[in-house]
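Notes follow once the structure below has been shown.
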Amino acid sequence: MASDRDVFQAPKGTRDVLPPDSSRWMEVIGAFAGRAELYGFGLVMTPIFEHYEVFARLGQSTDVVSKEMYDFVDKAGRRLALRPEGTAGTVRAYAQHRPTPPWKVWYCAPNFRYEAPQEGRYRQHWQLGAEAIGSDDPQIDIEMIDFLDGFYRSLGLRQVKLLINSMGDAETRQRYVAVLLDYWLSNAATLGDEMPRAQLNPLRILDSKRPDWQVIIAAAPKLGDYLSDASAAQFDAVQAGLRSVDVAFEVAPRLVRGFDYYTATVFEFQGLALGGAQNALGGGGRYDKLSAEMGGPQAPAIGFGSGIERLLLACDAEAVLPQSTSSTDVFVIDAIGEPDVAKLLHEIRGGDVRADRSYGSKNLKKQWAAASRSGARFGVMYGEREWAEGNVVVKDLSTAQQIEVARLQVVQWLRDHLK
RNA sequence: GUGGCUGUAGCUCAGUCCGGUAGAGCAUCGCGUUGUGGUCGCGAGGGCCGCGGGUUCAAGUCCCGUCAGUCACCCCA
């Protein structure tokens, strides 16, 4: 930008959402809210920042905690952090308020992560999410996944693939991680100087995209082979349930997800129409130990997050959820500078009809041009001749046909013809 | 955090290789219409060529730095 030498820019990795694009955001959020209600979830709103330690419980080996947190010290010396994801704060709220389980809640909130931005990856990004806390019933796993799957479909998305896996219970996972670490150590030559990372979190190597690692990753021991009978039964139940509600899925033995708190079921929806590496539309899983780790009650739980920016990119890529072309139905044109125009607008809007006008003294030509640009279906002109006769001119802006309607009947006329 | 590519009007971009005082389309505004838009015709405004430094008689163009975007790694939504 040539002229922005004195103009502030949004900070790196953040974006403004302006009309008309913002109307798509409202559509997406509204669709999610409606679906959440269908599935029995209530809205939860938690602070945008928490005590640092709340998020630290996500695990020191996760990048989100170890290097991406926006943390700061407030004026009283408290160490706080901007929310990097939705689950921790929600679980904190559960532990604090002890609502009757199962606690089924949804949210729409911005998250903050200090990382290198690129398309579909921002330092402030919005997530729609849901959590169900206080039940280990696999039925709730199924319901969660069905909820999110149905949400994507309701927007018209079709090129979406669901991957699921089971992390097993704590003992399963511990046993498997030990085996996996041995395997990485035996392949130290390939992993090279990334070995410390493999030792810190052996699971994370499994979903690496590095081409030179793919051979050893493909040959790595599979978590599924180490599941306990109980874990395997739980995972089977989830799969059977998904089939019964016609949710298509693929078992992905190397799907591990980014946070350390996951246990048992994990899942991820990938947008196949999204180019590049940022193809995760949404994902989640069980976190049966997190509430207890926060000092709350033992409360097995499952949740997911779904990024709004990526969702809209996927909609663009699949050419669904088109931007609405009009934000108004009626445009009122004032030909005579009559103060009653404001009253007419007030009445039209009072009749639940979207209406707008021009401001400042503009000639008729400009006002009609503005009416056309607004995308309104009808123009209502307040003209001198008709005004004297107690009428207004109503023009259909798509056909250019116009008629006169009695001033006192025009609100009802518009209501009738906009149906 | 590491490496590649990109940055010119409100938007999308040409011009950069080979240095010589800035272009197009769309959008905006005006006129053709005195009470009628969307089409059409004519016209206008709008750029320290991201920012800073260097080379040169001369830099949008070459060199260095920096900021931002983007791609890959990392990681995730």
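Numbers restart at 1 for each chain; the letters A, B, ... are given by sequence-line order, proteins then strands.
Using a 30° and 60° split on the angle between ring planes, A:Y226 and A:Y176 fall in the tilted class, from 30° to 60°.
Distance check on atom P: B:rC48 versus B:rC5 gives 28 Å, rounded to whole Å. For the P atom pair drawn from B:rG60 and B:rC51, the interatomic distance equals 11 Å after rounding to whole Å. Annotation: B:rU28 and B:rG38 have their P atoms spaced 10 Å apart (nearest Å). Taking the P atoms as reference points, B:rG30 lies 47 Å from B:rC18, given to the whole Å. If you take atom P in B:rG7 and the same atom in B:rC63, they sit 13 Å apart, rounded to whole Å. Look at the P atom in both B:rG69 and B:rU55: the space between them is 31 Å, to the nearest Å. Taking atom C1' in both B:rG53 and B:rG41, one finds a spacing of 49 Å when rounded to whole Å. Distance check on atom P: B:rG54 versus B:rC11 gives 30 Å, rounded to whole Å.
A donor and an acceptor atom, one from each side chain of A:S23 and A:Q323, are nowhere located under 3.5 Å apart. No hydrogens or angles considered: nothing links the side chains of A:T328 and A:D356 as a donor-acceptor pair under 3.5 Å. A:Q234 and A:D169 are not linked by any side-chain donor-acceptor pair at a separation below 3.5 angstrom, with hydrogens and angles left out of the test.
Using Watson-Crick or G-U wobble geometry with both donor-acceptor distances under 3.5 Å, B:rG35 finds no partner in any strand shown. Of all nucleotides present, only B:rC13 satisfies the Watson-Crick or G-U wobble test against B:rG23, with each distance under 3.5 Å. Shown here, B:rA44 forms a base pair with B:rU28; the pair counts as Watson-Crick or G-U wobble because both key distances fall under 3.5 Å. Look at B:rG1: its Watson-Crick or wobble partner, with both distances under 3.5 angstrom, is B:rC73. B:rU66 is paired with B:rG50 under the criterion used here, namely a Watson-Crick or G-U wobble arrangement in which both key atom distances are under 3.5 Å.
Of all nucleotides listed (B:rC74, B:rG35, B:rA77), B:rA77 comes nearest to the side chain of A:R310. Comparing atom distances between the A:R257 side chain and each of B:rA77, B:rA72, B:rG37 picks out B:rA77 as nearest. Distance from the side chain of A:D63 is smallest for B:rC74 among the nucleotides B:rG37, B:rC74, B:rC76.
For A:D74, the side chain to side chain donor-acceptor pair (under 3.5 Å) partners at least two apart in sequence or on another chain are A:R78. Applying the side-chain contact (heavy atoms from CB on, under 4.5 Å) test to A:E384 and every residue at least two apart in sequence or in another chain returns A:I336. Applying the side chain to side chain donor-acceptor pair (under 3.5 Å) rule to A:Q278 yields no partners; only residues at least two apart in sequence or on another chain are considered. Remark: A:D182 pairs with no residue by the side chain to side chain donor-acceptor pair (under 3.5 Å) rule, at least two apart or across chains. Applying the side chain to side chain donor-acceptor pair (under 3.5 Å) criterion to A:Q412, with sequence neighbours excluded, gives A:D416. Listed by chain and number, the residues in a ring-ring contact (aromatic ring centres under 6.0 Å, His included) with A:F249 amount to none (sequence neighbours excluded).
Looking at residues 403-419 of chain A, you'll see that no heavy atom sits under 4.0 Å from any atom of RNA chain B. Residues from residues 27-52 of chain A with heavy atoms under 4.0 angstrom of RNA chain B: there are none. Of the residues in residues 381-396 of chain A, A:M381, A:E384, A:R385, A:E386, A:V393, A:K395 come within less than 4.0 Å of RNA chain B through at least one heavy atom, sorted by number.
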Run the ring-ring contact (aromatic ring centres under 6.0 Å, His included) check on A:F269 and A:F304 step by step: do they pass?
CA-CA 10 Å; A:F269 285 88; A:F304 67 77; 8.1 Å; no
CA sep, side-chain torsions, deciding dist, call: A:R407, A:E347, salt bridge (charged side-chain N to carboxylate O under 4.0 Å, His left out):
CA-CA 11 Å; A:R407 163 70 178 83; A:E347 289 173 16; 3.3 Å; yes
Could you give me the CA-CA distance, side-chain angles and deciding distance for A:M195 and A:L185, then say whether side chain to side chain contact (heavy atoms under 4.5 Å, CB included) is met?
CA-CA 8 Å; A:M195 201 59 227; A:L185 288 169; 3.5 Å; yes
Distances for protein N or O near nucleotides 65-69 of chain B N or O, under 3.5 Å:
| residue | atom | partner | partner atom | Å |
| --- | --- | --- | --- | --- |
| B:rG69 | OP1 | A:G13 | N | 2.9 |

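Contact between the side-chain N/O atoms of A:S208 and the OP1/OP2 oxygens of B:rC74 is found at a separation under 4.0 Å.
The ring-ring contact (aromatic ring centres under 6.0 Å, His included) contacts involving residues 400-419 of chain A comprise A:F378-A:W413, A:W413-A:H417, where partners must be two or more places apart or lie in separate chains.
Scanning atom types as modelled, one donor and one acceptor separated by under 3.5 angstrom connect the side chain of A:E115 and the base of B:rA77. No hydrogens or angles were tested; on distance alone, a donor-acceptor pair under 3.5 Å links the side chain of A:R121 to the base of B:rC74. Looking at A:Q367, its side chain has no donor and acceptor atom pair within 3.5 Å of the base of B:rU36. A donor and an acceptor atom never sit less than 3.5 Å apart when one is taken from the side chain of A:R204 and the other from the base of B:rC76.
Put simply, CZ on A:F331 is 14 Å from P on B:rG38, counting in whole angstrom units. With rounding to whole Å, A:N279 atom CG is found 15 Å from B:rC74 atom C1'. The separation between A:Q278 atom CD and B:rU70 atom P is 10 Å, rounded to whole Å. In this structure, the CD1 atom of A:I333 is 12 Å from the P atom of B:rG38, given to the nearest Å. Between the P atom of B:rU39 and the CH2 atom of A:W368 lies a distance of 16 Å, rounded to the nearest Å. Atom CG in A:D207 sits about 7 Å away from atom P in B:rC76, given to the nearest Å.
At the heavy-atom level, A:A371 lies nowhere under 4.0 Å from the strands shown. If you check every strand for non-hydrogen atoms under 4.0 Å, A:F269 touches nothing. Among the protein residues, A:G379 comes within range of no part of the nucleic acid, since none of its heavy atoms lies under 4.0 Å from any strand.
Salt-bridge formation is detected for the pair A:R257/A:E268: a Lys NZ or Arg NE/NH1/NH2 atom is positioned less than 4.0 Å from an Asp or Glu carboxylate oxygen. Ion pairing between a basic and an acidic side chain is recognised when a charged N comes within 4.0 Å of a carboxylate O; A:E309 and A:R15 show no such pairing.
Without hydrogens or angle criteria, A:E389 side chain to A:N391 main chain gives no donor-acceptor distance under 3.5 Å.
Proximity of the aromatic rings of A:F41 and A:Y39 is defined here by a centroid distance below 6.0 angstrom, and this criterion is not met.
With A:E131 as the fixed residue, the side chain to side chain donor-acceptor pair (under 3.5 Å) test singles out one of A:Y107, A:W103, A:W106: A:Y107.
Residues A:A116 and A:W126 both approach RNA chain B. Their nearest nucleotides, taken by heavy-atom distance, put A:A116 toward the 5′ side.
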For nucleotides 25-33 of chain B, read 5' to 3', which letter fits each nucleotide if B means a protein heavy atom sits under 4.0 Å from the base, S means only the sugar-phosphate is that close, and - means neither?
---SSS--B
